[in-house]
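For reference, the structure is listed below as structure tokens.
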Amino acid sequence: MTTRNRAEQRFDLIVVGAGPAGASAAFTAAKSGLRVALCDKKSFPRNKLCGGGLTGRAITHYRRIFSQTLPPIPLEKRTEISFHAFGQDLGTNTDAPALHLAMRRDLDAALVEAALASGAVDFTGSPATVEPTEKSVATDGMILRAPLIIAADGVNSPTAKLLFGQAFARDQIGFALEVELPTRDPSRALRIDFGAADWGYGWQFPKHDGTTIGVGGVLAKNADMKAHMSAYLAKLNVPDDLTVKGQFLPFGDFRVQPGKDQVLLAGDAAGLVDPITGEGIAHALHSGELAALAATESLKLGRPDQALGLYQKSLAPIHSGLRHANRLRPLMFNERLRPTFIKSFQRSKTLRTEYLRLLAGETEYGPLMQKMALRLPGFALRALLGR
């Protein structure tokens with residue numbers, strides 16, 4: 001069927017991608033009174049490779065956006081986190097801010113349900129192709145038109161590729177492998193292993209019906225991620241015959257301009273993943289909300305062309321945090337500087353506490369870097385400050 005012969009529907013806003021960023025955007029915009037179309041190639045619930053850790057920062061955003069204490073899904077709550085790095089035990093915090101662990105299948109389905117209940121029109125379950133010059137999206141025999149489009153279509157974003165020629169920078173992108181243990185095991189610790197992959201980490205996240213275990217790192221520095229995965233599974237006494245899934249991770253390589261013209265990019269499509277913690281859900285929820293607020297404000301002014309500028313300005317604190325994280329990362333993973341990081345993290349409960357406060361949304365990278373700087377020799381301090 002040609003575009004000319006397709007039926008059309010008009011909206012105030014089209015959201016492409018119904019993960020946390022897209023669902024947050026659709027919910028926020030619909031709640032503000034906009035007529036919103038929510039598109040995704042998948043039907044929900046659907047499986048999604050992800051550690052599924054809901055940090056305090058993510059929960060804070062969720063509560064503000066959706067006006068609920070916690071997502072209405074099974075969650076595993078943990079307040080004890082074990083840290084390791086390059087084969088060394090860095091210590092365990094037994095009174096950490098609560099981390100809630102979820103299956104993305106459950107979380108995303110609940111978020112989509114909330115977005116649709118708020119008034120967004122359901123176009124999930126069919127591929128959606130953005131046509132920026134026509135301000136339209138082609139999906140399931142239908143042409144959707146709107147003055148603004150929010151693309152939250154993931155790290156492999158077809159929309160970002162259409163706008164910028166590529167979805168991500170190949171030399172900066174991360175890559176992760178994951179397995180799921182099918183049964184719940186309360187004895188398994190919530191564990192983070194820095195250096196389980198080169199310029200990356202490993203994770204063991206116990207959940208209500210299983211355990212997610214994975215490794216991820218900068219793709220260009222990991223020629224054999226499968227070997228890192230095998231070694232990590234062996235370390236954790238996990239059988240190596242489980243199904244392994246892989247996915248790209250936009251490690252801090254965010255887009256300073258999160259879109260073009262009247263198309264805004266949110267979540268992974270905008271590169272909003274923390275390169276130290278690997279956290280993406282919090283930034284996805286927040287960026288989806290911010291994109292929707294920018295769209296709402298610009299449409300009220302009758303100036304949809306101003307949405308991108310408003311959105312980019314509102315993302316400044318997130319971008320600042322990611323820049324700080326990118327400066328800190330060499331201290332953790334550069335071989336010459338690594339011993340300083342290990343000793344500092346081992347000997348200082350304060351640093352571990354500050355890291356956990358970062359995950360909880362109680363502090364930012366700036367204060368954490370200042371505390372770290374007090375423990376550094378001159379050459380490491382210069383690396384941290386980018387000099």
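Residue indices begin at 1 and follow the sequence shown. Heavy atoms only: backbone and side chains are in, while hydrogens, waters and symmetry mates are out.
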Checklist entry - Quick check: are there more than 12 heavy atoms from other residues, nucleotides or ligands sitting under 6.0 Å from CZ of R10? => result no

Checklist entry - Would you say S157's side chain and A269's backbone share a donor-acceptor pair under 3.5 angstrom? => result no

Checklist entry - Quick check: does any side chain N or O of T277 sit under 3.5 Å from a backbone N or O of E279, one acting as donor and the other as acceptor? => result yes

Next on the checklist: Applying salt bridge (charged side-chain N to carboxylate O under 4.0 Å, His left out) to R303 and D305, what does each step give before you reach the verdict?
Outcome noted: CA-CA 5 Å; R303 293 295 305 273; D305 58 302; 2.7 Å; yes

Item to check | Least distance between heavy atoms, G33 atom then D12 atom | outcome: O-OD2, 4.4 Å

Next on the checklist: Within the structure provided, determine whether L190 and E76 are in side-chain contact (heavy-atom separation under 4.5 Å).
Outcome noted: no

Item to check | salt bridge (charged side-chain N to carboxylate O under 4.0 Å, His left out) evaluation trace for R46 with D108 | outcome: CA-CA 8 Å; R46 57 93 173 94; D108 292 4; 2.7 Å; yes

Checklist entry - How far apart are the C-alpha atoms of H228 and N222, what are their side-chain angles, what is the distance that settles it, and do they pass the side-chain hydrogen bond (donor to acceptor under 3.5 Å, both in side chains) test? => result CA-CA 9 Å; H228 291 306; N222 289 276; 3.1 Å; yes

Next on the checklist: Counting neighbours of CG on D198 that are heavy atoms of other residues, nucleotides or ligands and sit closer than 6.0 Å, is the number greater than 12?
Outcome noted: yes

Checklist outcome for this item: Heavy-atom nearest pair, P206 first then Q204, reads CD-O, 3.5 Å

Checklist entry - Is there side-chain contact between F11 and L38, with at least one heavy-atom pair below 4.5 Å? => result no

Next on the checklist: Check for me whether the distance between the ring centres of F194 and F86 falls short of 6.0 Å.
Outcome noted: no

Item to check | M142 backbone acceptor or donor facing D140 side chain under 3.5 Å | outcome: no

Checklist entry - Given the rule in the side chain to side chain contact (heavy atoms under 4.5 Å, CB included) test, do L290 and L315 qualify, once you have shown the distances and angles that lead to the verdict? => result CA-CA 8 Å; L290 294 175; L315 284 178; 4.0 Å; yes

Checklist entry - Between S320 (side chain) and A316 (backbone), is there a donor-acceptor pair under 3.5 Å? => result no

Checklist entry - Would you say the side-chain atoms of D268 pair up with the backbone N or O of G154, donor to acceptor, closer than 3.5 Å? => result no

Checklist entry - When you measure from the side chain of S82 to the backbone N and O of A189, does any donor-acceptor pair fall under 3.5 Å? => result no

Next on the checklist: Does L301 form a side chain to side chain contact (heavy atoms under 4.5 Å, CB included) with Q306? I'd like the steps, not just the answer.
Outcome noted: CA-CA 9 Å; L301 294 172; Q306 293 185 359; 3.9 Å; yes

Item to check | Min side-chain heavy-atom separation R57-L358 under 4.5 Å | outcome: yes

Checklist entry - Side-chain contact, heavy-atom cut-off 4.5 Å: D106 with P45? => result no

Item to check | Rounded distance (nearest 0.5 Å) linking atom OH of Y62 with atom CG of L285 | outcome: 9.5 Å

Next on the checklist: Tell me if the NZ atom of K260 is crowded by more than 12 foreign heavy atoms within 6.0 Å.
Outcome noted: yes

Next on the checklist: Can you give me the closest heavy-atom contact between R78 and P186, atom names plus distance?
Outcome noted: NH2-O, 3.4 Å

Next on the checklist: Using only atom types and a distance under 3.5 Å, with no angle test, would you say the side chain of Y311 pairs donor to acceptor with the backbone of L265?
Outcome noted: yes

Checklist outcome for this item: Taking every heavy atom of L163 against every heavy atom of P132, the minimum-distance pair comes out as CD2-CG, 3.9 Å

Would you tabulate the side-chain donor-acceptor contacts of residues 231-252 under 3.5 Å, counting partners in other chains and residues two or more places apart, or write 'none'?
{"unit_1": "Y232", "atom_1": "OH", "unit_2": "D193", "atom_2": "OD1", "d": "2.8"}
{"unit_1": "Y232", "atom_1": "OH", "unit_2": "W203", "atom_2": "N", "d": "3.4"}

Checklist entry - Quick one: does Q312's side chain have a donor or acceptor within less than 3.5 Å of a partner on P258's backbone? => result no

Item to check | Side-chain touch R145/E134, heavy atoms, less than 4.5 angstrom | outcome: yes

Next on the checklist: For the OG atom of S314 and the CD atom of E297, what is their distance to the nearest 0.5 Å?
Outcome noted: 9.5 Å

Item to check | T28 side chain vs A25 backbone, donor-acceptor pair below 3.5 Å | outcome: no

Checklist entry - Checking side-chain hydrogen bond (donor to acceptor under 3.5 Å, both in side chains) for the pair T94/E80: CA distance, chi angles, key distance, verdict? => result CA-CA 4 Å; T94 58; E80 183 171 304; 5.4 Å; no

Item to check | Over 12 non-hydrogen atoms of neighbours within 6.0 angstrom of CD in Q9 | outcome: yes

Item to check | Minimum heavy-atom distance L13-A295, with the two atoms named | outcome: CD1-CB, 4.3 Å

Item to check | Heavy-atom check, side chain of S24 versus side chain of L111, under 4.5 Å | outcome: no

Checklist entry - Is the side chain of T139 donor-acceptor paired with the backbone N or O of P127 at a distance under 3.5 Å, no angle test? => result yes

Item to check | Side-chain heavy atoms of T211 within contact of F205, under 4.5 Å | outcome: no

Checklist entry - Can you name the closest pair of heavy atoms from I276 and A325 and give their distance? => result CD1-O, 3.6 Å

